[in-house]
Engineer: 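Could you have a look at this structure, given as structure tokens, before my questions?
In what follows, every chain begins at residue 1, and chains take the letters A, B, ... in the order their sequences are listed.
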Amino acid sequence: MTELMSSGIELMFAGMGIVFLFLTMLVFVINMMSGLILRYFPEEPALSMSVPVAVNSSSDTSYIAAITAAVHQYRSTH
Amino acid sequence: MTELMSSGIELMFAGMGIVFLFLTMLVFVINMMSGLILRYFPEEPALSMSVPVAVNSSSDTSYIAAITAAVHQYRSTH
Amino acid sequence: MTELMSSGIELMFAGMGIVFLFLTMLVFVINMMSGLILRYFPEEPALSMSVPVAVNSSSDTSYIAAITAAVHQYRSTH
Amino acid sequence: MENLISLWQSTGIYNFTAGQAFMMLIGFLLLFLAIKKGFEPLLLLPIGFGAILSNIPVAGISEEGGILYFLYYGIKLGIFPLLIFMGVGAMTDFGPMLANPKTLLLGAAAQVGIFASLIGALALNVIPGLEFTLKDAAAIGIIGGADGPTAIYVASKLAPDLLGAIAVAAYSYMALVPLIQPPIMRALTTEAERKIEMQQLRHVSKTEKIIFPLTLLLLSILLLPSATPLVGMFAFGNLMNACGVVERLSQTAQNELINIVTIFLGLAVGSKLSAEAFLQFKTLGILALGAIAFAIGTASGVMMAKLMNRFSDTPINPLIGAAGVSAVPMAARVANKIGLESNPHNFLLMHAMGPNVAGVIGSAVAAGVLLSLIK
Amino acid sequence: MENLISLWQSTGIYNFTAGQAFMMLIGFLLLFLAIKKGFEPLLLLPIGFGAILSNIPVAGISEEGGILYFLYYGIKLGIFPLLIFMGVGAMTDFGPMLANPKTLLLGAAAQVGIFASLIGALALNVIPGLEFTLKDAAAIGIIGGADGPTAIYVASKLAPDLLGAIAVAAYSYMALVPLIQPPIMRALTTEAERKIEMQQLRHVSKTEKIIFPLTLLLLSILLLPSATPLVGMFAFGNLMNACGVVERLSQTAQNELINIVTIFLGLAVGSKLSAEAFLQFKTLGILALGAIAFAIGTASGVMMAKLMNRFSDTPINPLIGAAGVSAVPMAARVANKIGLESNPHNFLLMHAMGPNVAGVIGSAVAAGVLLSLIK
Amino acid sequence: MENLISLWQSTGIYNFTAGQAFMMLIGFLLLFLAIKKGFEPLLLLPIGFGAILSNIPVAGISEEGGILYFLYYGIKLGIFPLLIFMGVGAMTDFGPMLANPKTLLLGAAAQVGIFASLIGALALNVIPGLEFTLKDAAAIGIIGGADGPTAIYVASKLAPDLLGAIAVAAYSYMALVPLIQPPIMRALTTEAERKIEMQQLRHVSKTEKIIFPLTLLLLSILLLPSATPLVGMFAFGNLMNACGVVERLSQTAQNELINIVTIFLGLAVGSKLSAEAFLQFKTLGILALGAIAFAIGTASGVMMAKLMNRFSDTPINPLIGAAGVSAVPMAARVANKIGLESNPHNFLLMHAMGPNVAGVIGSAVAAGVLLSLIK
Ligand code: NA
Ligand code: NA
Ligand code: NA
């Protein structure tokens, strides 16, 4: 067997090993994460989890919303 | 007081001076501009000010509109 | 007449010649193409020609569709 | 105090040159034409603004380190005009042309405008102070193609110094098509000719629309490879739209992508409107030749239609020949409008779309010839 | 076996430095603030993620060959902040400001925050270990402008090493405006002042809105060309929107284009949050000075409004002065909210939008001064 | 006359080489497959068109100065595949996988296809005339990942010369998944196994979906930093979508931005389909190995599912193991379809989405291993 082939086979074992190691650890971590979340941060009914973005969102995006709202109010007074 | 600090203070006075000078001039220029526009180019009622873009607009943009219209007409004759 | 002018005139004749040659050939080729298509690949009535894209479309684009569909199904079971 | 002097010496008032002030006025004029007169606003507004920005003293917005300097690379490398051409391809419907392919000849005839103004540019060399090279003349001639991206692509390759003037002339005259063309069209046609009604166009199948851009590209590959960057990107856009299986790419090509590139291209073209490049006797020549090119192109298209009427049994309204200059879709609308004046029941719009899009192909072919023969 | 050792030696665990780990925590903190607290998520989420990516050992994502290295060119060349500013310009309605132009002076007053923190930075040099140059101090001061793109543009020109900290401080304090401003506003105003109702704003015509960005640009050209890259791109965006004839370009500028650039800019800013640059005593100084800048800017705006009330016959509610710092539209909303507490029928939002957008102009002018005077 | 000869000598007919003509046919074949057969049209249409454009004689569209030459920089620098991966991340819903995390192991097993074809490539070296280096073999193996952006990213780093063939193989086989997989799936499973119904998936909370991409990134940072450019951009896109506070960025990432980059990437990949690079014996090897990789990946996924069934008390339908190759969402649909044939009430789609997206992670991890161990 050539040296190239042996490094290929070594690579295969290392590679599949790491892929399995990685994804197996991911399984454990996900289970842990889900457990912690479901226990300590259970999803409240309805939409309560949604961050009140509209209130303190970015200066860039909420421009439109703000200005639209403002213009409406402004126009409605004219 | 260090030289650095004195140039900082100089910068502050120059800076705020220019900011105020600039925005004060802008106030005057806007007042002048608005006066001239309201006097010589009063906004006509309704939508009369809108340029008749649809008629002589760009070759690039109005493609869609034109072709859509044309295709409609063309299809309706088939 | 300067040399420049004579090469300009030569360019004009070559240019218009090629433009006409090209577009004339295009007329013939289109006629041929349309003839072949209308004869051998006549458009079937209704929408039958439309490739069944939705079935074997790309992995990238149909993500949304697939996931939307899947999520719907998934949600409807909960 | 030193600061104040240094500030005063860095103001625009202190540093203005007459040329910069004048070019800025040109920029404001372009904005006025774009906004108030509706002259091709999508291009002339960014171009006008770019002209103003690039002529600001001290700021160096179009010099190395400035944003317009970097945006100009998109033109220099030929990327922006080709991407716009791709988007235009995606917007173009070849149906009317495929239903009546001989209208392609009208699109061919109208290219006379290109070569006539090329000769005109060379002829102007007799005037002392004017010195147009063959490359300059070709770049000026392409204004007659009445196609923005093609003109910008060719000018960026052959005569980058004239790019600003050429782009401004091209888009201005496209906007002026409704003024330039009608008198010529009326002068060259009789009332009877303008009344000619044309046969209804046949239905064109989807397969034909898919095969056409490939056919066009293939012909261009075989005969004129130098035109294939333009024709190829155009055909690519058209195929994306016609084939129906990459709808999201086609939509992006004809909306967001073309819009982004239009903003960048406009600003970058404007950055070539510098006093040194624009405030020359040459520029007047370019403007004059551009008008001549449009006029000759219109006339050739109309005359070609009249000629074809002699030999064809299906009648052609000569007005649609004028649409061969491209300036899509304005020229087609003009033909429709003049036709309606003579015959209120005669809708020529779809018939004129054939030569109109043929004119786009015609100028891309002409561009290929110029790029290939002029070294 | 060799492979395994080589793999182990290439893991993150093996290669982590304490600094990288700490910076990654900062990145996660920014994500937490963005997602859970709603702190300017559009910017802080990409910045936070960029910080994490660029501090990964071995991977070299922000080193030559990595994607963040290339994206950073968009900031280094000044392109990204200017494109964002163009989009912000397209989103901005100058109507309220044009209806009541003297609110511009509130936008001017609030810029005191910039220069006060500049002086503050220089003063901090007395602390051993801190050494801010004039350029550093100016870049820090601009945090007080409360305008992301302006701050990033100036910092990238004057103090690229501090860019990460400055951008984070600028966006964080913008998000904190609802916490920072109210106590200052309440402390400096009486209940009676907060109850002041303002005259209804007049209607502003479309022509005024079209002419304004050009006027602004012209003034900037004449007086302060160094501010024209910022003011010019802002005015360009605003004109595209106001003129109404290039709707598709305006829409793209304020949607897809600004979104794309925001993603890239955020990641690229994050790539400047490296341990060497951020984990310095300097950073604490920057954070402290940024807070001071916002506070002083707020106070100056309010005081200016009180001063103007002395000389003006039309009443000004001093609360709207606080909106002069910009942080559009949050500061205007804060003014509205505090006003409603004192007078439930007093809607200040539109009145506060005037100084709010004036603050954007004010900081761009201040940026121009800094870029022009500091060599 | 000279002009005419010069023109003739500049035609495509005069300059065509057999190789160019053949590659152009390949390009047309790809267009046919994309348009008429619906083979991954979003990628194969631009790739096919790019192949045609880059093989046009004289025009030099993929040589220095041509548009495809410049577009290719986006791949060379690794930017385009990562941006597409970001968009794919934003489109991906990890809900089904989080509801049943052990399906991740199916995504791991399917990566055997990658390494088996890597070994296969090295084994082919015994054939005279074939000479694959370890880098070549790794780049070929990644076809088995069944993920376009990952394959292009790895190939551009390890074997840019093979990029064209690898990308074409990867997308073609992804399109062929409905043909390649079913026979293998049927051969390896019993009718009883195919009838297995799986437990309903639990609801996954929004918080879990937000935390997951960060968890994934963190694990990748700790264990395999070389995978973090891919995993990181994917996780970034996913987080933008999951967090819900940057909706406009997420929408742009999964629509306009990914569309623009797809057009550019497709054309640029096509530009690597030159006669010299593609018309080699190697290419046949690549195509054969790619098919083997898909087949082995499918088989490994199914066998892994059967193995897990032995040790697990909750039943797993082995068909969903085939979805572990990724090829999202086609492979999941195939699993669903085959399942319905045996049990018309058994909808496996959501269950198959778990291994399907796990396969994306699996190949990114495998890519990281290859990039880290092969120097
Ligand atoms: Na034309
Ligand atoms: Na400000
Ligand atoms: Na995979």
Engineer: Look up atom CG in E:L31 and atom SG in F:C243, then write down how far apart they are to the nearest 0.5 Å.
Structural biologist: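 These two atoms lie 9.0 Å from each other.
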Engineer: Carefully, step by step, assess E:I263 and F:M86 under the rule side chain to side chain contact (heavy atoms under 4.5 Å, CB included).
Structural biologist: CA-CA 11 Å; E:I263 293 173; F:M86 177 179 81; 4.1 Å; yes
Engineer: Do E:Y69 and F:L77 come close enough that some side-chain heavy atom pair is under 4.5 Å?
Structural biologist: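 Counting from C-beta outward, E:Y69 and F:L77 never come under 4.5 Å.
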Engineer: Can you give me the closest heavy-atom contact between F:P225 and E:G12, atom names plus distance?
Structural biologist: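 Here F:P225 and E:G12 meet closest at CG-N, 3.3 Å.
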Engineer: Can you tell me which of E:V58, E:L71, E:I260 forms the most heavy-atom pairs within a distance under 4.5 Å of chain F?
Structural biologist: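 Top option by heavy-atom pairs under 4.5 Å: E:I260.
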Engineer: Does E:P46 reach the side chain of F:L249, with side-chain heavy atoms less than 4.5 Å apart?
Structural biologist: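 Yes, close enough: below the 4.5 Å cut-off.
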Engineer: Non-hydrogen atoms of chain E under 4.5 Å away: do they reach the side chain of F:T228, the backbone, both or neither?
Structural biologist: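 Backbone plus side chain of F:T228, per the 4.5 Å heavy-atom cut-off to chain E.
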Engineer: Which bit of F:A227 is near chain E, if near means a heavy-atom gap under 4.5 Å: side chain, backbone, both or neither?
Structural biologist: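 Neither part; nothing is under 4.5 Å.
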Engineer: Where does E:F264 contact chain F at under 4.5 Å (heavy atoms): side chain, backbone, both or neither?
Structural biologist: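 Only the side chain of E:F264 comes within 4.5 Å of chain F.
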Engineer: Indicate yes or no: at least one non-hydrogen side-chain atom of F:F80 is less than 4.5 angstrom from one of E:I67.
Structural biologist: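 Counting from C-beta outward, F:F80 and E:I67 never come under 4.5 Å.
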Engineer: Please report the C-alpha distance between E:K36 and F:I210 in whole Å, then the side-chain angles of each, then the deciding distance to 0.1 Å, and finally whether the side chain to side chain contact (heavy atoms under 4.5 Å, CB included) criterion is met.
Structural biologist: CA-CA 10 Å; E:K36 197 71 189 166; F:I210 294 176; over 6 Å; no
Engineer: Could you check F:R248 against E:I258 for side chain to side chain contact (heavy atoms under 4.5 Å, CB included), going step by step and ending with a plain yes or no?
Structural biologist: CA-CA 10 Å; F:R248 57 184 289 167; E:I258 203 175; 3.2 Å; yes
Engineer: With a 4.5 angstrom heavy-atom cut-off, could you sort out which part of E:L267 is near chain F: side chain, backbone, both or neither?
Structural biologist: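 The answer is the side chain of E:L267.
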Engineer: What part of F:L371 gets closer than 4.5 Å to chain E, counting heavy atoms only: side chain, backbone, both or neither?
Structural biologist: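 For F:L371, there is no contact with chain E at all, as no heavy atom is under 4.5 Å.
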Engineer: State the CG-CD distance between E:N255 and F:E256, to the nearest 0.5 angstrom.
Structural biologist: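 Rounded to the nearest 0.5 Å, the CG-CD separation comes to 8.5 Å.
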Engineer: Quick one: do E:F39 and F:V245 satisfy side chain to side chain contact (heavy atoms under 4.5 Å, CB included)? Show the steps, please.
Structural biologist: CA-CA 10 Å; E:F39 272 31; F:V245 295; over 6 Å; no
Engineer: Non-hydrogen atoms of chain F under 4.5 Å away: do they reach the side chain of E:I61, the backbone, both or neither?
Structural biologist: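 For E:I61, the side chain is the part near chain F, not the backbone.
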Engineer: Name the region of E:L53, side chain, backbone, both or neither, that has any atom closer than 4.5 Å to a heavy atom of chain F.
Structural biologist: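 Contact with chain F involves the side chain of E:L53 alone.
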Engineer: Under 4.5 Å from any heavy atom of chain F, what part of E:Y14 do you find: side chain, backbone, both or neither?
Structural biologist: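 Looking at E:Y14, nothing touches chain F.
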Engineer: Around atom CD of E:Q9, are there more than 12 heavy atoms of other residues, nucleotides or ligands at under 6.0 Å?
Structural biologist: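 Yes, the 6.0 Å shell around CD holds more than 12 heavy atoms from other groups.
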Engineer: If you round to the nearest 0.5 Å, how far is CD1 of E:I35 from NZ of F:K206?
Structural biologist: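 Answer rounded to 0.5 Å: 9.0 Å.
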Engineer: Within this structure, what is the CG-CD distance for the pair E:N259 and F:E247, rounded to the nearest 0.5 Å?
Structural biologist: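 It comes to 10.5 Å.
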Engineer: Going by heavy atoms in the side chains, are E:Q20 and F:I221 under 4.5 Å from each other?
Structural biologist: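 The answer is no, as the side chains (C-beta and beyond) never meet within the 4.5 Å cut-off.
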